[in-house]
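Notes to accompany the following structure.
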2 protein chains.
Amino acid sequence: MPSRKKPRPTGEARRKQRDPRALSLVQTRRQHAREIAEDYAEAIAELIADRGEARVVDLAARLGVTHVTVHRTVARLQKAGFVSSRPYRAIDLTRRGRALATTSRSRHETVLQFLLSLGIPEHVANTDAEGIEHHVSPETLAAFASALKKSGL
Amino acid sequence: MPSRKKPRPTGEARRKQRDPRALSLVQTRRQHAREIAEDYAEAIAELIADRGEARVVDLAARLGVTHVTVHRTVARLQKAGFVSSRPYRAIDLTRRGRALATTSRSRHETVLQFLLSLGIPEHVANTDAEGIEHHVSPETLAAFASALKKSGL
DNA sequence: GTGTTAACGTAGCATAGGCTACATTTTGTT
DNA sequence: AACAAAATGTAGCCTATGCTACGTTAACAC
Ligand SMILES: [Mn+2]
Ligand SMILES: [Mn+2]
Ligand SMILES: [Mn+2]
Ligand SMILES: [Mn+2]
């Protein structure tokens with residue numbers, strides 16, 4: 001038996017061994033932290049493409065929250081480097097924001113098409129895809145795309 | 001042109017027409033609100049099955065959070081009627097909690113098996129399933145189960 | 001039985017992300 | 001130019017969910 005002398009660290013560092021499955025839950029929480037950035041980036045890019053600009057009210061209507069929530073969130077996303085905005089002006093994506101929008105949109109579309117290919121009704125597939133998209137690893141995304149290609153033939 | 005006289009309601013009730021797609025995002029947020037209850041119920045049921053009881057520390061290790069977070073969350077779940085607990089004692093599921101655990105566990109398992117059937121590596125499938133499970137409608141769940149049955153033959 | 005320690009609980013802090021109510025600015029109409 | 005309305009911003013509230021630090025209780029070893 002090893003003679004451990006070191007006074008164990010305080011706080012949560014010791015404790016019962018962390019279950020390895022906990023990593024999946026931690027990862028899921030990280031994905032949730034990124035989820036809003038992804039949905040906003042997608043929505044902003046879409047609004048700019050469809051109407052030339054993305055306004056706070058448009059985002060609010062698109063995302064189902066109040067303009068106040070959008071305002072605060074945009075400020076946070078700006079601090080995080082995804083968007084740029086000035087008072088009373090339309091919202092723009094930074095280079096990083098555009099990159100996020102592109103990959104998110106593509107992944108969202110793949111997930112949606114995959115669900116539709118399983119025969120899920122459109123309305124349901126839309127909602128499920130909105131949630132699922134943020135939890136799909138590159139591996140799973142590739143598997144979805146590949147299954148889609150096969151079924152699409 | 002209709003002569004509208006009514007002073008529009010204050011607050012956010014008027015505003016630009018809400019995009020119908022916003023409903024999906026609202027639904028996704030609702031699912032997130034339920035997610036922790038589902039994961040806790042699953043974990044508690046599992047611990048009880050595996051070790052006879054579910055302790056705060058075990059849940060913390062299983063879920064990847066501190067015991068403090070577990071403590072507070074359990075209190076909230078108790079208020080919501082999913083668990084019962086008393087100071088310094090093990091945590092129990094109520095009837096409702098057991099029902100939630102059962103359906104959550106089953107859905108989780110279906111999602112996981114479906115991903116595995118697509119050839120996703122186990123480690124990745126575990127993590128993806130952990131996030132995806134909470135966003136799978138009954139329709140999609142049925143489609144997964146059905147695809148699984150076919151592939152399983 | 002006493003002492004140590006693990007488990008549990010509490011206090012207090014932070015961030016994210018919802019909201020309403022109200023203030024300000026911009027924009028469009030006359 | 002002036003007014004009305006829409007858009008945007010600000011103040012302040014709430015809940016959920018994470019954390020560290022520290023106090024208290026229960027369990028176990030001797
Ligand atoms: Mn989404
Ligand atoms: Mn689960
Ligand atoms: Mn989960
Ligand atoms: Mn999610």
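In this text the structure is predicted, and so the values were computed from the model without any measurement. Keep in mind that the numbers below use all heavy atoms, side chains included, and drop hydrogens, waters and symmetry copies. Lettering follows sequence order; numbering is per chain, from 1.
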Are the charged groups of [X] and [Y] less than 4.0 angstrom apart, N to O?
X: B:E38; Y: B:R107; value: yes
X: A:R51; Y: A:E53; value: no
X: B:E46; Y: B:R62; value: yes

So which nucleotide from [options] ends up closest to the side chain of [X]?
X: A:V65; options: C:dC19, D:dT20, C:dT10; value: C:dC19
X: B:T69; options: C:dG18, D:dG18, C:dG9; value: D:dG18
X: A:Y88; options: C:dG18, D:dT8, D:dT20; value: D:dT8
X: A:H71; options: D:dT10, D:dT8, D:dC19; value: D:dT10

Check every strand shown and say whether A:R72 touches a base, only sugar-phosphate, or nothing at a heavy-atom separation below 4.0 Å.
base
In whole angstrom, what separates [X]'s [atom1] from [N]'s [atom2]?
X: A:R51; N: D:dA7; atom1: CZ; atom2: C1'; answer: 14 Å
X: B:L77; N: D:dT15; atom1: CG; atom2: P; answer: 16 Å
X: A:L59; N: D:dG9; atom1: CG; atom2: P; answer: 12 Å
X: B:E35; N: D:dG18; atom1: CD; atom2: C1'; answer: 15 Å
X: A:R34; N: C:dA16; atom1: CZ; atom2: P; answer: 14 Å
X: A:E38; N: C:dA16; atom1: CD; atom2: P; answer: 16 Å
X: A:H32; N: D:dA16; atom1: NE2; atom2: C1'; answer: 13 Å
X: B:R86; N: C:dA7; atom1: CZ; atom2: C1'; answer: 16 Å

Check the angle between the aromatic planes of A:H32 and B:H135 and answer parallel, tilted or perpendicular using the 30° and 60° thresholds.
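A:H32 and B:H135: perpendicular rings.
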Taking only side-chain nitrogens and oxygens of B:R55, does any of them come within less than 4.0 Å of OP1 or OP2 of C:dC8?
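The answer is yes; a side-chain N or O of B:R55 sits under 4.0 Å from OP1 or OP2.
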Which of these, A:D39, A:D92, A:L100, A:L59, sits in a side-chain contact (heavy atoms from CB on, under 4.5 Å) with A:I44?
A:L59
Upstream residue (5' side of DNA chain D) when B:Y40 and A:A54 are each assigned their closest nucleotide:
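Between the two, 5'-proximity favours A:A54.
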Under 5.5 Å centre to centre and under 30° between planes: does that hold for A:H67 and the six-membered base ring of D:dT8?
yes
